[in-house]
Amino acid sequence: MSWIRKKLDKVKEPFQPGEKFEKYAPAVNALDTFLFVPNHTTQKGAHVRDAVDLKRTMITVVLALIPALIFGIWNAGFQHFTQLGQEVGFGEAFLHGAYKIVPMIIVSYGVGLALEFLFAILRGHEVNEGYLVTGLLIPMIMPVDIPLWMVALAVIFSVVIGKEAFGGTGMNILNPALTARAFAFFAYPTYMSGNKIWVSEASNVDSISGETILGALAEGKDVAYSSMDMFNGFIPGSVSETSTLLILLGALILILTKVGSWRIILSGFIGAAVMGLIFNALNIEGNGLTNFPWYNHLIVGGLAFGIVFMATDPVSAAQTTRGKWVYGFLIGLLGVMIRVFNPAYPEGIMLAILLMNVFAPTIDYYVIQGNIKKRKKRLKLKTEKTA
């Protein structure tokens, strides 16, 4: 690797302080820190040193996303050919899915990173690695046939309004990927909802319906898939949100590496289960979503993907230990509640997470205040005993 180091140092010479292209140094330094560990060290004071930096954290999340992404690419082709009544091998289905999804990933990273570099140059700070995850998450939570120009617009809104307007990576109050999806949903609802967007080319081929399980239930129709099909992910849906099995594999990676909070993940599923059980107990006639078994609520739609990869975002989530339990529980609870009570939008995990992103600081505030009151009370009792 030494020859790469030497070549990169040569390229960086015109971008050093006082040189001709000094203002563009963040763009070159971004490539440097992506390939190598930053070579700057602390000079004074006490510091906590750890081998895991932001870059490694983001790469860990990307690795956790890969299983769901690979399955999502294959499932996009599988759903397309299955609805046409054709039996094809893994390779043909995967190639069809890749033809649809890889361009979305390229657009997401191309537009997003260009904006990240632009803001870094204008503001004179280094490029952060946060978009490594966001750039992959955005296409993974979109419908397979969403136009590429719409992906680009959603990315622009996410980076500019959802993150940079608040000061950049680490300062945003909302999850950037969900901000992109919310923008696309409310700006172009016909491309983000309905029965013709969840299966590849469903809008062009009459024999393909593209209807999701939640969409069918909202219209009072029966579900044609088994619980095992739902869990494995052999159902229509967003690009990488269908396979709960592989999403849980990603959750295991995040938990074992301590990148994602197991408290938020567990409490999120508990909250969704509780809300599902409540609706099952009510047994409301004529509403398929209320009578849908509670355990199936956990494995359809974007609930599992949202809880594992969106709710655990360390920037926009609650930070205190008790706050994480409350935060995750309310996300699961509200996610199922919104999908049941809103027939026009049966998938509610996006709105639930964005809402709790806003209230996360409030949750942490009351948790901290509660701890302060308990300590004051203990101190008062100790003082009275010694008096």
Please check if the side chain of [X] supplies one atom and the backbone of [Y] the other of a donor-acceptor pair under 3.5 Å.
X: Thr244; Y: Ile299; answer: yes
X: Asp364; Y: Ala318; answer: no
X: Glu241; Y: Ala68; answer: no
X: Ser108; Y: Met104; answer: no
X: Asp313; Y: Val315; answer: yes
X: His297; Y: Leu289; answer: yes
X: Arg181; Y: Ile141; answer: yes
X: Ser158; Y: Pro176; answer: yes
X: Asn357; Y: Ala317; answer: no
X: Ser238; Y: Pro143; answer: no

**OP:** Could you tell me whether Phe341 and Phe279 have their ring centroids closer than 6.0 angstrom?
**Re:**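 Yes.
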**OP:** Verify side chain to side chain contact (heavy atoms under 4.5 Å, CB included) between Thr212 and Ile235, making sure each step is shown before the conclusion.
**Re:** CA-CA 7 Å; Thr212 64; Ile235 56 177; over 6 Å; no
**OP:** Quick one: list whatever passes salt bridge (charged side-chain N to carboxylate O under 4.0 Å, His left out) with Glu201, sequence neighbours left out.
**Re:**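 Applying salt bridge (charged side-chain N to carboxylate O under 4.0 Å, His left out) to Glu201 gives Lys100.
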Original post:
What distance separates Leu95 CG from Trp74 CH2, expressed to the nearest 0.5 Å?
Top reply: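 Taking CG in Leu95 and CH2 in Trp74, the distance rounds to 14.0 Å.
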**OP:** May I ask you to decide if the ring planes of Trp325 and Trp262 are parallel, tilted or perpendicular, using 30° and 60° as cut-offs?
**Re:**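 Rings of Trp325 and Trp262: perpendicular, over 60°.
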Original post:
With under 30° as parallel and over 60° as perpendicular, where do the rings of Phe94 and Phe90 fit, or are they tilted in between?
Top reply: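 It falls in the parallel class, under 30°.
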Are side-chain heavy atoms of [X] and [Y] found at a separation under 4.5 Å?
X: Val155; Y: Val107; answer: no
X: Arg378; Y: Arg375; answer: yes
X: Ile105; Y: Ile101; answer: yes

Original post:
Is it true that atom CD of Gln86 has more than 12 heavy atoms of other residues, nucleotides or ligands lying nearer than 6.0 Å?
Top reply: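 Enclosed: over 12 neighbouring heavy atoms sit under 6.0 Å from CD of Gln86.
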**OP:** Mind listing the closest non-hydrogen atom pair of Pro236 and Tyr225 along with its distance?
**Re:**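 Scanning both residues, the minimum pair turns out to be CD-OH, 3.3 Å.
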